[in-house]
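Written below as structure tokens is the structure these notes are about.
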Amino acid sequence: NAGVTQTPKFQVLKTGQSMTLQCAQDMNHNSMYWYRQDPGMGLRLIYYSASEGTTDKGEVPNGYNVSRLNKREFSLRLESAAPSQTSVYFCASSDYTGLAGTETDTQYFGPGTRLTVL
Amino acid sequence: GNSVTQMEGPVTLSEEAFLTINCTYTATGYPSLFWYVQYPGEGLQLLLKATKADDKGSNKGFEATYRKETTSFHLEKGSVQVSDSAVYFCALSPDYKLTFGKGTLLTVNP
């Protein structure tokens, strides 16, 4: 049981290049999330998928697209990378069922992808 | 909207010292409250959580109590160890999404 896995661990891009960050979970969770972490900013939600087949914007969606490929996988794409997208990206999942204040609202995080855009 | 404010770091303590990291929140409804920990070079791990007012979450010697009257969820540990050195994030979740504080870096010296 690997939990949440992310690939790659590290990536360096040039401005304007594109790439896709991959995320997979083996906990049969319904919901998946992409965050970025920047110094002094905490984690900010980029996009999320409450269930298979749905995606919604989070706090900072500009410059990103996502695909919920199936229940296990949720990818994040940068179509034209910019230096402002240099960050550490985390994927997370939860089994949220719509009942706040239950065990299902706990999110489980992957190890992160460190992206540098030159 | 929802927001979390936690004390700014960095916090530096000697081993066996008492730790408090303050966290206050603003939220609609009745969110769950969390503390996550991030060790160097790793992702976030859930440290503890509380789902309703007056609940106390605890794990690995850390504790936090959900105080609705003061909208707070302060993290405490009676005797810290070098291995507790990490970044600690307070967060809330009224629904699908987590809202995080900015994180507090804790360094514990031997």
Side-chain angles (χ1 to χ4, degrees), chain A residues 2-7 9-10 23 25 27 29-51 54-61 74 88-114, chain B residues 1-10 21 23-25 27-57 59 64 66 68 73 86-105:
Chain A
V4 180
T5 57
Q6 294 183 235
T7 55
K9 287 189 182 336
F10 301 94
C23 173
Q25 52 91 9
M27 295 175 281
H29 284 170
N30 292 313
S31 302
M32 297 185 74
Y33 312 81
W34 276 105
Y35 294 88
R36 60 177 289 172
Q37 182 181 28
D38 302 294
M41 300 290 290
L43 277 80
R44 294 180 292 170
L45 183 65
I46 305 171
Y47 270 93
Y48 66 100
S49 171
S51 61
T54 68
T55 61
D56 285 287
K57 295 178 180 179
E59 184 184 353
V60 288
F74 188 39
V88 181
Y89 291 85
F90 289 100
C91 179
S93 71
S94 76
D95 200 22
Y96 188 71
T97 57
L99 297 173
T102 70
E103 290 302 314
T104 63
D105 56 8
T106 299
Q107 292 186 20
Y108 298 87
F109 285 78
T113 295
R114 186 173 294 274
Chain B
N2 300 321
S3 67
V4 175
T5 303
Q6 62 182 102
M7 65 184 285
E8 294 188 16
I21 301 177
C23 171
T24 57
Y25 67 91
T28 54
Y30 303 96
S32 292
L33 301 176
F34 304 82
W35 279 100
Y36 279 85
V37 59
Q38 184 179 31
Y39 299 103
E42 298 185 10
L44 276 73
Q45 302 176 24
L46 177 68
L47 180 59
L48 54 84
K49 70 178 283 189
T51 57
K52 60 184 186 296
D54 299 324
D55 268 3
K56 179 186 284 188
N59 186 26
Y66 191 140
K68 201 167 189 315
F73 193 54
V87 180
Y88 292 81
F89 293 93
C90 185
L92 66 82
S93 176
D95 51 30
Y96 294 98
K97 303 184 290 293
L98 276 171
T99 299
F100 285 91
K102 293 185 179 180
T104 302
L105 173 63

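Values in this document were obtained by computation on a predicted structure and should not be read as measured data. Chain naming here is simple, since letters A, B, ... match the order of the sequence lines and numbering starts at 1 in each. Atoms considered below: every heavy atom in the structure, side chains included; atoms not considered: hydrogens, waters and symmetry mates.
- The two residues B:Tyr36 and A:Gln107 come nearest to each other via the heavy atoms OH-O, 2.7 Å.
- The shortest distance between side-chain heavy atoms of B:Phe100 and A:Leu45 does not fall below 4.5 Å.
- With a 4.5 Å cut-off on non-hydrogen atoms, A:Gln37 touches chain B through its side chain but not through its backbone.
- Within the 4.5 angstrom heavy-atom criterion, only side-chain atoms of B:Gln38, from C-beta onward, approach chain A.
- Annotation: side-chain contact (heavy atoms from CB on, under 4.5 Å) contacts of A:Thr7 (sequence neighbours excluded): A:Gln22.
- Put simply, OG on A:Ser94 and NZ on B:Lys97 are 11.5 Å apart, with the number rounded to the nearest 0.5 Å.
- Listed by first then second residue, pairs satisfying salt bridge (charged side-chain N to carboxylate O under 4.0 Å, His left out) with a partner in residues 33-43 of chain A read A:Arg36-A:Asp38, A:Asp38-A:Arg44, not counting sequence neighbours.
- Put simply, of A:Gly58, A:Ala92, A:Gly40, the one with the most heavy-atom pairs under 4.5 Å next to chain B is A:Gly40.
- Only the side chain of B:Leu46 comes within contact range of chain A, with at least one heavy atom under 4.5 Å from a heavy atom of that chain.
- Highest contact tally toward chain B, considering only A:Ala50, A:Gly112, A:Gly110, is held by A:Ala50 [criterion: heavy-atom pairs under 4.5 Å].
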Verdict with supporting geometry, B:Leu98 and A:Tyr33, side chain to side chain contact (heavy atoms under 4.5 Å, CB included): CA-CA 10 Å; B:Leu98 276 171; A:Tyr33 312 81; over 6 Å; no
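- Between the CZ atom of A:Phe109 and the CD atom of B:Glu42 there is a distance of 14.0 Å, given to the nearest 0.5 Å.
- A:Leu43 touches chain B through backbone and side chain together, each having a heavy atom under 4.5 Å away.
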